[in-house]
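Data block below; observations after.
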Amino acid sequence: MPDTTGASYAAAGVDIEAGDRAVELMKEWVKKTRRPEVLGGLGGFAGLFDASALKNYERPLLASATDGVGTKVDIARQLGVYDTIGHDLVAMVMDDIVVCGAEPLFMTDYICVGKVHPERVAAIVKGIAEGCVLAGCALVGGETAEHPGLLGADDFDVAGAGTGVVEADRLLGADRIRTSDAVIAMASSGLHSNGYSLVRHVLLNEGGLALDAHLDGLGRTLGEELLEPTKIYSLDCLALMRTAEVHAFSHVTGGGLAANLARVIPDGLHAVVDRSTWTPGAIFDLVGRTGRVERLELEKTLNMGVGMIAIVPEESTDVALTALADRGVDAWVAGEITDRGEHSTGAELVGDYAA
């Protein structure tokens with residue numbers, strides 16, 4: 001007898017029941033991100049945020065950003081560790097938002113998988129929720145999509161979008177920066193979430209290093225180093241703004257320190273950053289040595305140990321450094337803003353890194 005069973009979504013590779021199970025598992029973590037302005041719970045078609053809270057602003061400006069974490073997800077997949085990659089996602093989105101001085105309000109996520117493993121999806125959302133708590137924002141919703149045939153059963157990717165708010169007259173940026181302002185660097189927690197295509201190619205493919213290898217200088221396995229979550233600076237930056245005068249922030253992501261810093265420098269001014277003020281972590285040296293990567297190539301790909309920059313008036317330097325130290329942020333004066341003429345703008349790194 002011929003098989004008369006009709007086609008089904010499950011036969012095509014999509015497991016609706018597994019998706020429902022994943023939603024149930026993630027609900028407890030999403031609840032931990034709740035802010036008073038959030039209405040309803042997880043499971044609706046849209047997340048609701050009570051905008052009446054913005055009535056306290058004279059002229060509220062909404063700031064939005066979206067991002068992912070790139071090929072770092074492949075490290076998580078290989079190690080079978082899924083509850084930290086969400087920190088990276090929140091950092092990539094919300095630390096972009098705080099750069100303009102905005103307070104993070106809420107975030108949504110998108111998780112794409114080859115096959116829904118409910119516990120894995122819930123672990124990813126757990127990490128996102130924990131990251132939202134660290135950024136001070138709510139996780140108001142998201143989507144989990146199963147793409148059999150396009151992704152392998154263990155493959156996944158994550159992306160997110162966020163919204164924040166800033167008072168118009170407190171908006172930070174290039175127009176506030178002045179000659180002699182101090183450039184304050186905040187230490188990164190490692191590679192963060194950029195440059196992993198280069199890192200994976202150099203260390204794992206060409207270098208043949210194993211993720212479970214213990215390497216000199218790292219103090220842990222290579223996999224643990226590569227999966228170290230991106231530091232989330234949002235609340236540190238907001239606290240700094242309440243304590244000291246801040247003219248601008250720069251989030252050091254893809255493109256490296258100089259390129260990202262240049263994005264907030266006005267025409268006619270120049271940011272000079274002195275490499276001798278810090279020593280990049282061992283992972284940066286490992287990538288450079290293993291792949292014989294030139295310093296300039298490293299610097300335009302990786303953060304080299306600096307994850308966020310604050311530009312403050314020279315007279316606010318001590319107050320700013322004290323405020324960051326009180327919050328446990330490793331920070332230092334790394335450079336200054338100079339006048340290079342109307343046709344010179346941007347940022348540069350000078351000198352050599354401290355040994």
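- Separation of atoms OG1 (Thr221) and CG (Leu209) is listed at 12.0 Å; rounding is to 0.5 Å.
- Thr163 places no side-chain N or O within donor-acceptor distance of the main-chain N or O of Leu105, the cut-off being under 3.5 Å.
- Other members of the cluster containing Val166 are Leu61, Leu171, with ILVMFWY side chains joined at under 4.5 Å, either directly or via other members.
- Contact of the Thr317 side chain with the Val319 side chain is not registered, since no non-hydrogen atoms from C-beta on lie closer than 4.5 Å.
- Residues meeting the salt bridge (charged side-chain N to carboxylate O under 4.0 Å, His left out) test with Glu224, sequence neighbours left out: none.
- Ile232 and Ala91 get closest at one heavy-atom pair: CG1-CB, 3.7 Å.
- Under the 4.5 Å side-chain criterion, counting only non-hydrogen atoms from C-beta, Val199 is in contact with Leu302.
- Enclosure of atom CD in Glu245 by more than 12 non-hydrogen atoms of other residues, nucleotides or ligands within 6.0 angstrom is indicated.
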Could you give me the CA-CA distance, side-chain angles and deciding distance for Leu151 and Cys112, then say whether side-chain contact (heavy atoms from CB on, under 4.5 Å) is met?
-> CA-CA 9 Å; Leu151 296 175; Cys112 181; 3.5 Å; yes
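- The salt bridge (charged side-chain N to carboxylate O under 4.0 Å, His left out) contacts involving residues 59-82 comprise Lys72-Asp88, Asp74-Arg77, Asp74-Arg200, Arg77-Asp155, where partners must be two or more places apart or lie in separate chains.
- Put simply, the side chain of Ile85 reaches to within 4.5 Å of the side chain of Val69, judged on heavy atoms.
- With a 4.5 Å cut-off on side-chain heavy atoms, Leu211 and Gln78 count as touching.
- The shortest distance between side-chain heavy atoms of Met94 and Glu103 does not fall below 4.5 Å.
- Listed here is the closest heavy atom pair of Trp278 and Ala334: CZ3-CB, 4.5 Å.
- Hydrophobic clustering, defined by side-chain heavy atoms of Ile, Leu, Val, Met, Phe, Trp and Tyr closer than 4.5 Å, groups Val312 together with Val98, Val99, Leu172, Ile184, Met186, Tyr233, Leu235, Leu238, Leu240, Met241, Val246, Phe249, Met308, Leu321, Leu324, Val329, Val333.
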Give every donor-acceptor pair under 3.5 Å between a side-chain atom in residues 284-293 and any protein atom, sequence neighbours left out.
from, atom 1, to, atom 2, distance (Å)
Asp285, OD2, Arg289, NE, 2.6
Thr290, OG1, Leu286, O, 2.7

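- Put simply, Tyr110 and Val140 are part of two different groups of oily side chains (I, L, V, M, F, W, Y) that touch within less than 4.5 Å, one to the next.
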Candidate pair Ile309 and Val306, rule side-chain contact (heavy atoms from CB on, under 4.5 Å), full reasoning | CA-CA 8 Å; Ile309 290 286; Val306 178; 3.8 Å; yes
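- Pairing each heavy atom of Asp352 with each of Arg295, the nearest pair is OD1-NH1, 3.0 Å.
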Output, in order, the C-alpha distance, side-chain angles, deciding distance and verdict of side-chain contact (heavy atoms from CB on, under 4.5 Å) for Thr66 and Val93.
-> CA-CA 6 Å; Thr66 185; Val93 173; 5.7 Å; no
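- Hydrophobic clustering (side-chain heavy atoms under 4.5 Å, transitive across Ile, Leu, Val, Met, Phe, Trp, Tyr) groups Leu79 together with Leu222.
- Asp50 meets the salt bridge (charged side-chain N to carboxylate O under 4.0 Å, His left out) test with no other residue; sequence neighbours excluded.
- The two residues Gly346 and Ala262 come nearest to each other via the heavy atoms CA-CB, 3.7 Å.
- A 4.5 Å side-chain heavy-atom check between Val252 and Asn194 finds every atom pair outside the cut-off.
- Distance check, rounded to the nearest 0.5 Å: CG of Leu226 to CD1 of Ile283 gives 5.0 Å.
- In this structure, Asp181 contributes its side chain and Arg178 its backbone to a donor-acceptor pair below 3.5 Å.
- Residues in residues 69-92 take part in these ring-ring contact (aromatic ring centres under 6.0 Å, His included) pairs, two or more places apart or across chains: Tyr82-Phe156.
- Under the rule for a salt bridge (charged side-chain N to carboxylate O under 4.0 Å, His left out), Asp216 has no partner lying at least two apart in sequence or in another chain.
- With Thr108 contributing its side chain and Gly141 its backbone, the two residues share no donor-acceptor pair below 3.5 Å.
- Residues Val272 and Ile265 fall into different hydrophobic clusters, defined by Ile, Leu, Val, Met, Phe, Trp and Tyr side chains chained together at heavy-atom separations under 4.5 Å.
- Proximity of a side-chain donor or acceptor of Thr279 to a complementary backbone N or O of Ala354 within less than 3.5 Å is detected.
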Side chain to side chain donor-acceptor pair (under 3.5 Å) between Thr179 and Asp339: does it pass, once the steps are laid out?
-> CA-CA 6 Å; Thr179 303; Asp339 186 349; 4.7 Å; no
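- Within the structure, every pair that satisfies the salt bridge (charged side-chain N to carboxylate O under 4.0 Å, His left out) test and touches residues 226-244, not counting sequence neighbours, is listed here: Arg220-Glu228, Lys231-Asp236, Asp236-Arg327.
- Going from atom CD1 of Ile97 over to atom CE of Met92 covers 12.5 Å, rounded to the nearest 0.5 Å.
- Sorted pairs that involve residues 207-226 and meet ring-ring contact (aromatic ring centres under 6.0 Å, His included), not counting sequence neighbours, are lacking altogether.
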Starting from the C-alpha separation in whole Å, work towards a yes-or-no answer on side-chain contact (heavy atoms from CB on, under 4.5 Å) for Val273 and Leu261.
-> CA-CA 10 Å; Val273 176; Leu261 182 53; 3.7 Å; yes
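- How far CG of Asp109 is from OG1 of Thr144: 7.0 Å, rounded to the nearest 0.5 Å.
- Between the Ser189 side chain and the Pro229 main chain, a donor and an acceptor come within less than 3.5 Å of each other.
- To the nearest 0.5 angstrom, Leu198 atom CG is 9.0 Å from Glu206 atom CD.
- At a threshold of 4.0 Å, the pair Lys126-Asp83 counts as salt-bridged, since one of the basic side-chain nitrogens sits closer than that to a carboxylate oxygen.
- Of the possible polar contacts, one joining the Asp95 side chain to the Ser234 backbone as a donor-acceptor pair under 3.5 Å is found.
- Remark: the backbone N or O of Leu349 is not paired with any side-chain donor or acceptor of Asp274 at under 3.5 angstrom.
- Sorted pairs that involve residues 156-177 and meet salt bridge (charged side-chain N to carboxylate O under 4.0 Å, His left out), not counting sequence neighbours, are lacking altogether.
- The backbone N or O of Gly256 lies less than 3.5 Å from a partner atom in the side chain of Asn260, making a donor-acceptor pair.
- Taking 4.5 Å as the limit, every side-chain heavy atom of Met304 sits out of range of all side-chain heavy atoms of Leu257.
- In this structure, CG in Leu204 is found 10.5 Å from OH in Tyr196, a value given to the nearest 0.5 Å.
- Among residues two or more places apart in sequence or in another chain, the side chain to side chain donor-acceptor pair (under 3.5 Å) test is passed with Thr277 by Trp332.
- Across Val264 and Ser250, no two heavy atoms sit closer than the pair CG2-CB, 4.3 Å.
- Closest approach of Val165 to Pro60, counting heavy atoms only: CG2-CB, 3.8 Å.
- At a threshold of 4.5 Å between non-hydrogen side-chain atoms, the residues Val90 and Leu134 do not count as touching.
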